[in-house]
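The next block holds one structure in the form of structure tokens; read it before the comments.
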Amino acid sequence: MLRGWLLHSPESPGAPDADDKSELEGSTLSVLSAASSASRRLPPQEQLREKAFEYCQRLIEQSNRRALRKGDADLQKACLVEAVLVLDVLCRQDPSFLYRTLSCLKALQTRLCGDPTHVRALLPLAQFFLNHGEAAAVASGAVYQQLFTRVPSEHFHSPELAFEFLRLCRDSLPLFGRSLGVLKLSFPNLFKFLAWNSPPLTAEFVGLLPALLDASTAVEMLHALLDLPCLTAALDLQLRLSPAASERPLWDASLRTPSCLEAFRDPQFQGLLQHLLRTKASGTAERLAPLHQLLQPMAGCARVVQCAEAVPTLLQVLFSSVAQFADGALANQLALAILDRSDSLYQVPGYEARVHSVLSSQFLALCEQHPALVVELARELLEFAGSASSTRSGGVMLTSVVWAIGEYLSVSWDRRCTVEQINKFFEALEALLFEVTQSRPSTALPKCPPQVITALMTTLTKLASRSQDLIPRVSLFLSKMRTLAQSPAMSSVPCEDMGAVRVRTTELLNLLKMPSVAQFVLTPSTEVSEPRYHRDTNTALPLALRTVSRLVEKEAGLPPG
């Protein structure tokens, strides 16, 4: 109530303008006027501020007295929080209170940093130093260190504290200044709030995440987001093993004694657990596959499933933010991380498919912004395309990688592209297409979706149009594919999708009958991407397509369409 009165009270006539505030804060005159203010009769607004200041000081002085009952202790903590908030309002309204407040709050800071029971009072104290620390030349590093290191690690399970903490971080971003680096490096700790309270805090992190990103943290943050459900499971087990039973929150009752609880103490997993539960960015990424297996019994917990549902949204935010500053080197690192993590995810029901959908679209976006990465990551792309796991989750990731190879493995995008590279990719993709279409489905090689088959055929045709010695080879292969698509032997593809495969095969064979036209259509110059090449019937691309259609129809003896 007192804070509400202060916020809505009219400004006093002698209140300084914003431009003069810093000069007044630093002047000796403000200190002298503040010391003598009690000796003269004050206007009502100033009298209210003066009495509020004295009242808050008394509350802070009395807050270290030991309460006899828990209800009194909770009230004492709430009053301490409110007293600091009122002092912040007073100092913003009248800077002459600042120097009288600092000695009191410095002593309070020293006391609170060693008292975990008053953790919520650290938030308004940090807000006060953010608002006034620079003007008063106060080093508040100890508050931030306590705030970003111990609070998320020890109190991530408090939803009220988590919300207030993140709101403070988000709303005070312009005030952090030189301390913003401390906030950025603390993102693994902040993710503990998100891992435990993901549904209500997802929107808060959508607003905060871009401020935490820079070139040095982007790749590590990508790994941390992908491992977020695994972090939730680890925090759950950590709480179950906590000795302070009275402070532990409720958890999923369907897993009263998880089978992995004892294995969680195994020394061989401690290094990976310490990395997963780290408080600061380490600059490295660890493969957590052993932890994924250890924590698999926790994958069905409601909290873990909820956390997994928030990850795709946050991945979209991460990539859209990174796109604004990523250079070629960072794009290569992100692309490598996408390829590496596509088959190394915590197996929460439905999680892999949703993440693959985001990663595949973002991989294509990276290639579009930085086409050179296809040539620079040629070895890694070949390894990915040749791995059996690339057809997981419907082959969404494989389709994107194959399409990117066909689109950007060209001299027109990168002068370093050679015929040898094109031939090497052709042989690898040809072998992959043969494997997915003529092998029986199994656990290691599941049914291949038609979009993977059509993407492979289209990319092989594109590569052949750039290295024309390959045209007879791909034409023969496509002819076999068309025959195979009309027979029931192709059991790895559902019958209802055979029509799309047959149509694409026929289209590609018709293009290859005229190699120069095939190269123009399948590897167009950058000008062909302009809308006029597709809207104007007299420009080159529609004319070329009409010419090919007429010649093919004439050769086949069909009536012109």
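We're numbering straight along the sequence, starting at 1.
For the atom pair CG (Leu373) and CG (Leu381), the distance works out to 7.5 Å, reported to the nearest 0.5 Å. Atom-to-atom distance recorded for Gln316:CD and Gln362:CD is 5.0 Å, nearest 0.5 angstrom.
A 4.5 Å side-chain heavy-atom check between Leu345 and Asp227 finds every atom pair outside the cut-off. Side-chain atoms of Leu183 and Leu173, non-hydrogen and from C-beta on, do get closer than 4.5 Å to each other. Put simply, the side chain of Asn189 does not reach to within 4.5 Å of the side chain of Arg278, judged on heavy atoms. The shortest distance between side-chain heavy atoms of Leu336 and Leu377 falls below 4.5 Å. Residues Thr505 and Arg502 form no side-chain contact, since every pair of their non-hydrogen atoms from C-beta on lies 4.5 Å or further apart. In this structure, the side chains of Val219 and Leu330 come closer than 4.5 Å at one or more pairs of heavy atoms.
The aromatic rings of Trp403 and Tyr408 sit perpendicular to each other, their planes meeting at more than 60°, with 30° as the lower class boundary.
Pairing each heavy atom of Ile338 with each of Met397, the nearest pair is CG2-CE, 3.5 Å. Among all heavy-atom pairs drawn from Leu166 and Leu208, the shortest one is CD2-CD2, 3.9 Å.
With hydrogens and angles ignored, the 3.5 Å screen pairs a side-chain donor or acceptor of Tyr346 with a backbone N or O of Leu295. Side-chain atoms of Ser320 come within 3.5 Å of backbone atoms of Val317 as a donor-acceptor pair (strictly under, hydrogens ignored).
Comment: Arg354 does not engage Glu309 in a salt bridge, judged by the lack of any side-chain N to carboxylate O separation of less than 4.0 angstrom. Here Lys424 does not pair with Glu420 in a salt bridge; the nearest charged N to carboxylate O distance is not below 4.0 Å. Salt bridge Glu352/Arg341: absent, no basic N to carboxylate O contact under 4.0 Å. For Arg170 and Glu204, the salt-bridge test passes: some basic side-chain N is under 4.0 Å from an acidic carboxylate O.
Less than 6.0 angstrom separates the ring centroid of Phe193 from the ring centroid of Phe165. Between Phe205 and Phe191, the distance from one ring center to the other falls under 6.0 angstrom.
Side chain to side chain, Lys280 and Ser186 fail the donor-acceptor criterion of an N or O pair below 3.5 Å. Of the N and O atoms on the side chains of Ser216 and Asp214, at least one donor lies less than 3.5 Å from an acceptor on the other residue.
Atom CD of Gln468 sits in a crowded spot, with more than 12 heavy atoms from other residues, nucleotides or ligands closer than 6.0 Å.
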